[in-house]
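These notes concern the structure reproduced below.
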Amino acid sequence: MPDTRKGKGRKSTAGIQNSAETPDSECTGTNSRANTDNNALSPTRSRTGRSRGQKSTTTPTVARQKGKGHVDNSSMGDKELMDAWRLEARDIARYDIESDDDSLFELVVPKGEHKVLADAIISRTMATITKGFSALAGKRIAAVVSEKKMKEHSESFVLDRAISSTFRLSKLNEKSFQGVREAGMYPLFKDFVMLVAHHVNPPHETHIAETSSSAKRKRARSDNEPDPAKPGVAAKRRRIELRSVKLSDKARGKRAEHVGDSNSWQPSLVLPYGPCDVKLEGSDSKTRVDLALSVCSSSTPVKPLEDPKYKDVFAIVEMKRLKGEQQKAYEQLVEYTRGIYANQIHRRYAWGLTMCGTEVRCCLFHHDGIKATRKIDFSTSDGREKLVTLLVHWSCCGSARLGYDTTILRDKTNKRWNISCPNLKGDKTLTYYTTGMVLNATSLFGRHTRCYLAKLKDDDSDKEFVIKDAWSLPRDLKKSTGAPPDEAYNLREITQKFDGQDMRFSYPRAVSSGVVEILDGGRYVNDDTSQIYKFKDSDKQMLFREHRRIVMTPVGRYIKQVKNVFELVLVLDDATKCHNAIYTECGLLHRDISVNNILVIRNDESTSRPVKGLLIDFDHAIRVDQESTGNFTRSGTLPYMSIHNLEGAEGKRTRLDDWESLLYLICWLGTFGINDDDRKNTKKDKIAEINKWRSEKMKDIAECKRKHMDSLESFKKDILAGFQDDYMMLKALAASIYEALFQWEGCVKGASLEEEFHMPSDPFKSAGIEAIAMFQSGQSSKPKPKRDDPLVSRLEHEGAIVDKLLDIMKDASAVSERVCTVIDEVRKEKAQEQEQS
């Protein structure tokens, strides 16, 4: 997850694009992984559990929930982070693109009268190109328009240059490309986009000059002024002019549903940025984008835009000289498109274009993969018409179809965002305004979880909330596949159970929740993938997701806002109390203990405990009495997942798995630092054994953890030895939890944790090799006695182990609270001394 915190550390590129709106990172009831999604190096959040080159065989509920395309920066330098992203983009481009799928064009086909208007614009544009090409072929206007002979900002010059660029671009081939760099293609394609924009929102008339020598004379006189020297020129000019189609009020429509927010609907403009091969503002890397497109209101002047910023980019165009470089173009487009999600909080899905030689492909980045069209050959008339059609449809289809969220609107006056949320009953919509950004969807796939700090509009209480926005599986689908119900359902149950009781810990409360309704084609519909991706000709089923929004309280801060180890212990103590109470009172098992799902709430100075802990993100929580296969599925964040969870063992997840995740969380913070001041990124840390916990394969991580947890000696040598020197309290706490989980009396005797307790991939071959080895050594061929897996045998003592773990946290918390009190007293004494001096 990108750092959204102030002070030291990497600067956020995923926040609201206004520094005044971005306070210290805070959240509640949220999943701070960017999309079950949003976190980890290579990545910490499990992808599909497959290695490169291997097709996914997991079920949809597992495969894409565990998002791909996000890298953890918790213990990495800038160069390492970018290298990890580049490798991830290459992997995605290689295995996650559905190519040759033209069905995505259907997504942006306008409806009703907008379709009539779009068809007229396409016809007009193609007629302009045809006449222009005919003029160029007849050498009646120069292939390259001279700026010395024409005023650059005149209408005729712009169109003549655009026609000339389109002509040159269509004539490029493998041979001619040998002397052309990608940079030579940028202005040509940019002029083509400008040509289409001129016809989407044309002036009163559109001219195509006959000859460059007569163009100046034609512009000097009006349409109705005859040429006395050449009386036949006016009639001839009228024959070759392409007059614009005047847009009637009926064709333009009456609704405003686009970025322009005009009183009457008008097509928007897809315009290119003037600077090419440039680093976009908002990028967290040194990469340079070939060409970027933006969607603007109809009142925007038709000319290249300046000052390219990721927050304004609609689509990125990646260009290559040769047709054989398509794979490389995909890889770079994947890498660059991540920045769109990171900088646009109102983006639901994204578009992109690649142009390799004269072959253009359109890409749609949806929640569970990428669709790419068949090649559109720009050198043919049909290919040019397809590309013109796409650009015009982008202009006429409305912002919802372009991938924007119409329920999140920018308030330019107050420099904030207004977000509409359904209330708990679903009978009305409440409007909140943002005060900060907690988490943005920096990954390409998955739930695209975003979290905003917000306040209720037109409310004088000034109470702060957190809005969690995510694309999750609906409850019915989750139930049928064995997955847990949605988080809103779980939070409502927790709220109803605990509200009114004197609870000695904080817990997340649901204020409002529901499926987002979006304006599409003049009517409000549930925002889900079945409404968006209505592809008639596509035989590939897409994973069904609902766009859900939850408003929660209280507001917490990222766990690394703690000031010292003792505050961290207090936070973890409250989180474990909450975890146990929700398990015993509500029958829910959390199943995703991670560094992002435990928050800190800072108390006022009148209390003895400076901080409280808050356990959040119950999206993967499951009922303990559920007998479905959902309790067998893997869930969690890789470095913190339990061994049985990583191995996918056929057994129910229990509280011990969550406590095991807590142990790994403590070890992770103990090694890499509990806050930004203690953050470490030394050479020693990079080769530490704990780094193996974020390997790409779950099986490899499980084997490493079995080795590290095999005995107290191995745990101390491989893990505790890597703790920072002044973390004595954290080291003692980790050792105590380890002994309760892995050294419980009656669970370890006669069994080695390091031994694998599963069937080998080839049992017959393994048995044969073992028999030969025993025969050669002269040992007895009697089978070895069956040895129990200590992780299974400890389940018989689950209740006693949990009670012991809670006592350990209670004792550590009591000591930490006393230390925090002393620290606070010393701080106050020093402050008084400074005031007196």
Tell me every residue that passes side-chain contact (heavy atoms from CB on, under 4.5 Å) with [X], counting only those two or more places apart in sequence or in another chain.
X	result
Ser420	Thr407, Thr429, Thr431
Val109	Lys115, His393
Asp100	Arg374
Val515	Asn526, Glu546, Arg548

With [X] via salt bridge (Lys or Arg N to Asp or Glu O under 4.0 Å) - residues at least two apart:
X	answer
Lys190	none
Asp377	none
Lys309	Asp307
Arg348	Asp527

Is a donor on one side and an acceptor on the other found under 3.5 Å between the side chain of [X] and the backbone of [Y]?
X	Y	result
Thr373	Asp101	no
Tyr341	Phe445	no
Thr125	Ile121	yes
Arg288	Asp277	yes
Thr166	Ala162	yes
Thr300	Ser297	yes
Ser294	Asp312	yes
Thr406	Ala400	no
Ser165	Arg161	yes
Tyr310	Tyr336	yes

Would a 4.5 Å heavy-atom cut-off, applied to side chains only, mark [X] and [Y] as touching?
X	Y	answer
Cys397	Leu402	yes
Asn201	Pro267	no
Cys362	Leu104	yes
Trp351	Cys363	no
Thr337	Ile340	yes
Leu269	Val302	yes
Leu169	Asp191	no

With Glu517 via side chain to side chain donor-acceptor pair (under 3.5 Å) - residues at least two apart: none
Not counting sequence neighbours, which residues clear side chain to side chain donor-acceptor pair (under 3.5 Å) with Thr287? List them please. Ser285
What pairs of residues pass the salt bridge (charged side-chain N to carboxylate O under 4.0 Å, His left out) test when at least one of them lies in residues 380-408, not counting sequence neighbours? Arg401-Asp520, Asp405-Arg549
Kindly say whether the aromatic ring centers of Tyr404 and His346 come within a distance under 6.0 Å. yes
I'd like to know whether the aromatic ring centres of Trp394 and Phe314 sit less than 6.0 Å apart in this structure. yes
Go through the steps for Phe167 and Phe133 under the test ring-ring contact (aromatic ring centres under 6.0 Å, His included), then give the verdict. CA-CA 6 Å; Phe167 183 79; Phe133 277 26; 5.2 Å; yes
For a side chain to side chain contact (heavy atoms under 4.5 Å, CB included) check, start with the C-alpha distance between Glu359 and Ser379, then their side-chain angles and the critical distance, and finish with the verdict. CA-CA 8 Å; Glu359 293 182 356; Ser379 65; over 6 Å; no
Ring-plane angle category for His367 and His448, please: parallel below 30°, perpendicular beyond 60°, tilted otherwise. tilted
How would you list, by chain and number, every residue that makes a ring pair (Phe, Tyr, Trp, His ring centres under 6.0 Å) with Phe378, sequence neighbours excluded? Phe192
CA sep, side-chain torsions, deciding dist, call: Met355, Glu318, side chain to side chain contact (heavy atoms under 4.5 Å, CB included): CA-CA 6 Å; Met355 186 169 190; Glu318 179 60 31; over 6 Å; no
Working for side chain to side chain contact (heavy atoms under 4.5 Å, CB included), residues Phe544 and Asp368: CA-CA 10 Å; Phe544 180 68; Asp368 296 286; over 6 Å; no
Decide, yes or no, whether a salt bridge links Glu325 with Lys320 under the criterion of side-chain N to carboxylate O below 4.0 Å. no
Distance-only donor-acceptor check, side chains Tyr186 and Asp290, under 3.5 Å: yes
Going through the checks in order, is the side chain to side chain contact (heavy atoms under 4.5 Å, CB included) test met by Leu271 and Val193? CA-CA 7 Å; Leu271 295 175; Val193 177; 5.9 Å; no
